[in-house]
Amino acid sequence: MSAFNRLLVSTLPLVPKAIVGRVAARYVAGETLDQAIAVVRNLSSQGAMSTIDVLGEEVAEREKATAAVEEYVRVFDAIDKHKLDSNVSIKLTLLGLKIDEGFCRDNVDRIAQVASKYGNFVRIDMEDHTTTDATLRIYHELQPRYGNLGVVFQAYMRRTLSDIDNLPEKGASVRLCKGIYVEPRKVAWKGFDTVRANYVMALEKLLARGVYTGIATHDEYLACAASALVDKYGLKRDQYEFQMLLGVDEELRRILIASGHRLRVYVPYGRDWYPYSMRRLRENPEVARHVLRAMLSGR
Ligand SMILES: Cc1cc2nc3c(=O)[nH]c(=O)nc-3n(C[C@H](O)[C@H](O)[C@H](O)COP(=O)(O)OP(=O)(O)OC[C@H]3O[C@@H](n4cnc5c(N)ncnc54)[C@H](O)[C@@H]3O)c2cc1C
């Protein structure tokens with residue numbers, strides 16, 4: 001990322017919310033479930049699967065967490081009704097993790113039950129390092145009960161290689177990503193190449209253990225390394241998948257699908273789009289151009 005883009009990233013919180021919303025619109029399906037359904041259908045027509053995420057993070061009131069659970073029930077009903085090729089992704093802080101771990105676990109339990117009723121799957125996103133232990137505890141407790149939960153490992157975390165060792169022998173499903181939160185150096189690798197190297201090591205470890213892995217990246221270097229590992233381990237199409245975020249590098253998405261890989265797109269929707277959009281903008285190497293254009297055009 002250029003120095004100017006880095007400078008703009010540091011001032012992003014000062015950019016008016018309306019401008020952020022305009023520039024970040026491509027990362028979000030919309031505010032409603034109907035809009036998410038339309039995006040999933042469109043992706044499906046392009047050969048991509050989806051994972052639907054209800055936007056929202058850390059809640060302090062139980063009612064908000066319960067409302068999020070009910071929204072996920074609506075999502076599963078809609079996936080079934082419209083026969084969509086989609087599972088869901090959940091964030092535990094939205095489901096009350098910071099209120100009470102037991103309350104959050106019960107909420108995840110309910111979502112996993114509904115997923116199970118429909119033969120569907122729930123991916124538990126990984127948030128910042130203060131949530132990692134609790135997230136893995138909830139995953140390890142509920143996965144044996146339902147068998148339809150997956151977790152996320154972040155390649156920037158120093159603990160990731162040993163967390164892989166603690167996965168269940170059978171039935172584990174992991175999304176591997178670089179990691180998006182700003183973490184202290186004592187828990188996270190910081191160098192760009194170091195994170196890439198740890199990603200490749202973690203991916204090889206997962207594939208060697210036979211773990212179904214969602215290879216979540218838009219980094220062409222990693223997509224190339226991952227394709228080589230898929231070949232090395234002789235994996236069939238249904239033994240792994242690539243994953244990408246809505247609105248990011250659609251050309252790479254098309255290339256991976258055309259090469260015969262399965263690919264899933266992360267489709268977030270909801271009214272609470274601001275924190276998610278800010279994280280996406282911070283990663284956009286051309287953020288300055290987009291923000292300046294939106295400000296100058298006044299649209
Ligand atoms: C499906 C999916 C789920 C994820 N879930 C989690 C999670 O649970 N927890 C977590 O911490 N992180 C999650 N992430 C985010 C991830 O950790 C990275 O922050 C993000 O994917 C960027 O890393 P990268 O591997 O794409 O490499 P990068 O080096 O960051 O990006 C590679 C290239 O992709 C393009 N690009 C990347 N981001 C953008 C953007 N926002 N706008 C425009 N172009 C862009 C650029 O061309 C860039 O050079 C997820 C990512 C994906 C794809």
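All values below were derived from every heavy atom in this structure, side-chain atoms included, with hydrogens, water molecules and symmetry-related copies excluded. Numbering of ligands and ligand atoms starts at 1, following listing order. Note that the structure is predicted; figures quoted are calculated from it, not measured.
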Taking both backbone and side-chain atoms of [X], is any N or O found less than 3.5 Å from an N or O belonging to ligand 1?
| X | value |
| --- | --- |
| Y266 | no |
| Y181 | no |
| L245 | no |
| R175 | yes |

Closest protein heavy atom to [atom], given as residue, atom name and distance to 0.1 Å:
| atom | result |
| --- | --- |
| atom 40 (C) of ligand 1 | Y27 OH, 3.5 Å |
| atom 12 (N) of ligand 1 | I180 CG2, 3.3 Å |
| atom 1 (C) of ligand 1 | Q243 CB, 3.6 Å |
| atom 25 (O) of ligand 1 | T217 OG1, 2.6 Å |
| atom 28 (P) of ligand 1 | K178 NZ, 3.5 Å |
| atom 13 (C) of ligand 1 | C177 SG, 3.5 Å |
| atom 46 (C) of ligand 1 | P285 CG, 3.6 Å |
| atom 41 (N) of ligand 1 | R280 O, 2.8 Å |

Counting heavy atoms only, name the option from [options] that's nearest to [atom].
| atom | options | answer |
| --- | --- | --- |
| atom 38 (N) of ligand 1 | H290, R264, M126, E283 | E283 |
| atom 17 (O) of ligand 1 | S89, G179, A155 | G179 |
| atom 21 (O) of ligand 1 | E220, H218, E286 | H218 |

Using salt bridge (charged side-chain N to carboxylate O under 4.0 Å, His left out), reason through E204 and K232 one step at a time and then give a plain yes or no. CA-CA 10 Å; E204 175 139 31; K232 179 174 167 183; 2.7 Å; yes
Per side-chain contact (heavy atoms from CB on, under 4.5 Å), R159 is matched among D133, I164, N166, V187 by D133
Atom [atom1] of residue position [X] - does it have more than 12 heavy atoms of other residues, nucleotides or ligands inside 6.0 Å?
| X | atom1 | answer |
| --- | --- | --- |
| K64 | NZ | no |
| E169 | CD | no |
| Y221 | OH | no |

Quick check: does any side chain N or O of [X] sit under 3.5 Å from a backbone N or O of [Y], one acting as donor and the other as acceptor?
| X | Y | answer |
| --- | --- | --- |
| Q143 | S173 | no |
| R209 | L167 | yes |
| K190 | E183 | yes |

Near D125 (heavy-atom distance under 4.0 Å), the atoms of ligand 1 are 8 (O)
Between Q46 and R254, is the side chain to side chain donor-acceptor pair (under 3.5 Å) condition met? List the steps.
CA-CA 8 Å; Q46 298 167 31; R254 284 192 294 274; 5.7 Å; no
Q) Is there a donor in the side chain of Y212 and an acceptor in the side chain of D238, or the other way round, less than 3.5 Å apart? A) no
- Message: Distance alone, cut at 3.5 Å: any donor-acceptor contact between the side chains of Y269 and E71?
- Response: yes
Short version for F192: what comes under 4.0 Å of ligand 1, heavy atoms counted, is side chain
With heavy atoms and a 4.0 Å threshold, my read on which part of V248 contacts ligand 1 is side chain
